[in-house]
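So the structure is just underneath, and the comments pick up after that.
The analysis underlying the following values was restricted to heavy atoms, covering all of them including side chains, and did not include hydrogens, waters or symmetry mates. Below, read A as the first sequence line, B as the second, and so on, with proteins coming before strands; counting in each chain starts at 1. The structure presented is a predicted model; accordingly, all values stated were derived computationally and were not measured.
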Number of protein chains: 2
Amino acid sequence: MNKRRITSKELAKLAGVSSATISRAFSPDSRIGSATRDRILAVAREHGYQPNAIARSLNNQRSRLVALVVNAIGNPCEAEEQQLLVHRLQARQLLPIILCCADHDDRLQLMRLASTYQVDHVVIFSDMVSMQDAVDIFHTTKPIMVSFEPLDNEKVSSVRIDGSAAADEIIDKIASDGKKRFAYLSGTKSSWIDKLRRKWFVDALARRGLTLQAEAFGDYSYDSGFKESVLLLHRAKVDAIICGNDVMAIGARDAARRVLGKNTPDDIAIVGQDGIAMAAWDCNDLTTLSLDHVAFIDAVMELIERHDAELEGPHSITLTCTARWGSTA
Amino acid sequence: MNKRRITSKELAKLAGVSSATISRAFSPDSRIGSATRDRILAVAREHGYQPNAIARSLNNQRSRLVALVVNAIGNPCEAEEQQLLVHRLQARQLLPIILCCADHDDRLQLMRLASTYQVDHVVIFSDMVSMQDAVDIFHTTKPIMVSFEPLDNEKVSSVRIDGSAAADEIIDKIASDGKKRFAYLSGTKSSWIDKLRRKWFVDALARRGLTLQAEAFGDYSYDSGFKESVLLLHRAKVDAIICGNDVMAIGARDAARRVLGKNTPDDIAIVGQDGIAMAAWDCNDLTTLSLDHVAFIDAVMELIERHDAELEGPHSITLTCTARWGSTA
DNA sequence: ATGCAGTGTGCATACGGTTACACAAATGAA
DNA sequence: TTCATTTGTGTAACCGTATGCACACTGCAT
């Protein structure tokens, strides 16, 4: 508070050495006598000295800060991944700065702000950010786009998701239960990921000569899943709803059960996507196209490590989804 | 990528002025000719120049970084609050650094790391951090402890929660429905908040001459809520379970229904705490002791603003919880 | 013409570290 | 013993920006 933090120069005086020596005491592999180092560390501890990371970053050209651009913090699917990623970053002594924003212009503003902090890495967890914007704003830091559109761009690394096989499996099961009238309940209209996910299922249907009988758009929330499903079920006769994520699927399941009196899986099949922990709760037990979150974050960390190692060129990793079987389809 | 970020000195050369003038062009209220400023801003835009926030922080002694110490990112209750807080911080051009850690030693380590970044504010959302540790580690930044133990410490500001009136109301309703045998399902044993919450209900029971008939400890997760409730209901005859948070309450509800065949609210009353959005979902419709998240974050921001304004002394704000009535009690 | 307030700019220094270079002392080899 | 090498430390320059101070210039009243 009132008491200012002690600087290396002051500590140098206290320890009877130069500030360069103080610096060396705190740099693991630098030429310094071990007796000197021990003495300095003792004095440092005594006075609560820690090197100033801001000053160090300025000098190093390395801030050890990582910008995480996310759509939302509460969203369960992202949250599980964010949590894993934050832990992994921290284990490498990297500090995550969260950029979380719904509005488009604010988001760009925010990314510009973060870029002035000379972040070492940028992980874009949001499909609401265009690759071009990311590259422009962080022009000195190669961004990592997560589950992003498969455009090739030499300035971007990415983790991509392939759920087509799992979608095929799920449609197969539902169709063999005798259901033929499928609806798709999308997340946001503007989301690229949503279009990709939808495509997996549409293609899977096409392979069996089926097409979507109805379609609706929500916003990934429970409420939108509930409300849109009510409307959907009133206007179209369908016996299966594929939802853009698990939370909407839970909403759809509730809508079918409470408003229409239809139960899963007999009257109607309901499928989610993400494979969040909540999907496996006893009260939900959702059939869902799920992704291994750990593998996912492993992939992100691998890209970060590649960037750190200054390996040339961008890189991209593709992960495959699997079906999780519950009692809703 | 390879192209280094341009510095103020380089831009100065390009614009035919000194670097001091560049700096002034980017400082809203400093003596500079408006023609010069406009020209500089134009050249800056052209070359993608933005002042380096790290260097600026070093000079200013003000980083505009805020450390957020949280237990977890996924936990729905915290997540809703975190999301609100992050938005509010960003609106003030403050960047949040998330420190998220389960392990005690790692957490202290992490806090020390963040403190070297000269964060302007520290918000401790975790009841797993002792006030003393917070003060010691961030000795130049007065921490803000959120819903923390009501110890008075001149170096700490805090937001406190009072749910005693709401607990009273809830117990009143349940007792008047004829239920007398209450159990309490705690979150973690070591959590201070958990003890506080439990006390509200124990006191409310005492006022009616009732005591807890059984008790169990979980870890705030659905699974622990489910598992502990099964054990609890097998070993004790109770007709009401008060849970440490909403997620555990959902687990308890499922356990009662699926394993014991007991339905709420007739066979058993189940009460949550937090008032997360999910509690109001149709499939849950939980009765819960809930907190107004917006008011809560307003309080946190008020404390941050007080610190910014260098108002003397710590300050603490107490918020009152309310009952949310659902169909589980 | 003189003095004076106000305005716009540059110079130099500070912020708190890191590190290339120089140099002395210690070590080892001959 | 002498020279080469290694080791430990200090000096000084630098990272990129902000700002106090000095100075030149303008405009205006005296």
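A:Asp105 and A:Gln109 share no donor-acceptor pair across their side chains, judged by distance under 3.5 Å alone. Looking only at atom types and distance, the side chain of B:Asn71 has no donor-acceptor partner in the side chain of B:Tyr220 under 3.5 Å away.
Following rounding to the nearest Å, A:Ile22 (CD1) and C:dG16 (C1') show an atom-to-atom distance of 12 Å. Rounded to a whole Å, the NZ atom of B:Lys9 is 13 Å from the C1' atom of C:dG10. D:dT17 atom C1' lies 11 Å from atom CD of A:Gln118, rounded to whole Å. Per the geometry, CZ belonging to A:Arg5 stands 15 Å off C1' belonging to C:dC15, to the nearest Å. Look at CD1 on B:Ile40: it is 13 Å from P on C:dG8, rounded to the nearest Å. Between the C1' atom of C:dG16 and the NZ atom of A:Lys13 lies a distance of 14 Å, rounded to the nearest Å. Taking atom CZ of A:Phe26 as the reference point, atom C1' of C:dT19 lies 17 Å away to the nearest angstrom. Whole-Å rounding puts the B:Ile54 CD1 to D:dA18 P distance at 13 Å.
Projected onto DNA chain D by closest heavy-atom contact, A:Ser19 and A:Arg37 fall at different nucleotides, the more 5' of which corresponds to A:Arg37. Residue-to-nucleotide proximity on DNA chain C shows that, of B:Ile32 and A:Leu58, the 5′-proximal contact is made by B:Ile32. With the nearest nucleotide of DNA chain C identified for both A:Pro51 and B:Asn59, B:Asn59 has the one nearer the 5' end. The residue among B:Ser23 and A:Asn60 whose nearest nucleotide of DNA chain D is located toward the 5' end is A:Asn60.
Taking the side chain of B:Val17 as heavy atoms from C-beta on, and the options C:dG17, C:dG10, D:dT17, the nearest nucleotide is C:dG10. Distance from the side chain of B:Tyr49 is smallest for D:dT17 among the nucleotides D:dG10, D:dT17, C:dT9. When distances run from any side-chain atom of A:Thr36 to the nucleotides D:dT17, D:dT9, C:dT7, the shortest one goes to D:dT9. The side chain of B:Asn52 approaches D:dT17 more closely than any other nucleotide in the set D:dT17, C:dG8, C:dG10.
OP1 or OP2 of C:dG10 lies within a sub-4.0 Å distance of a side-chain N or O belonging to B:Ser18. Contact annotation: B:Thr21 reaches the phosphate of C:dG10 (side-chain N/O to OP1 or OP2, under 4.0 Å). Between D:dT7 and A:Arg31, no contact under 4.0 Å exists linking OP1 or OP2 to a side-chain N or O. One finds a side-chain N or O of B:Gln61 lying less than 4.0 angstrom from the OP1 or OP2 phosphate oxygen of C:dG16.
Aromatic ring centroids of A:Tyr117 and B:Tyr117 lie 6.0 Å or more apart.
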(message) Is there a side-chain hydrogen bond (donor to acceptor under 3.5 Å, both in side chains) between A:His307 and A:Ser157? Walk through the geometry before answering.
(response) CA-CA 9 Å; A:His307 286 197; A:Ser157 291; 3.0 Å; yes

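Residue pairs satisfying the side-chain hydrogen bond (donor to acceptor under 3.5 Å, both in side chains) criterion with at least one member in residues 83-93 of chain A, sequence neighbours excluded, are listed as follows: A:Arg88-A:Asp298, A:Arg92-A:Glu305, A:Arg92-A:Asp308.
For C:dG10, its base sits under 3.5 Å from the side chain of B:Arg24 at one donor and acceptor pair at least.
A salt bridge does not link B:Asp120 to B:Arg64: none of the charged nitrogens lies less than 4.0 Å from a carboxylate oxygen.
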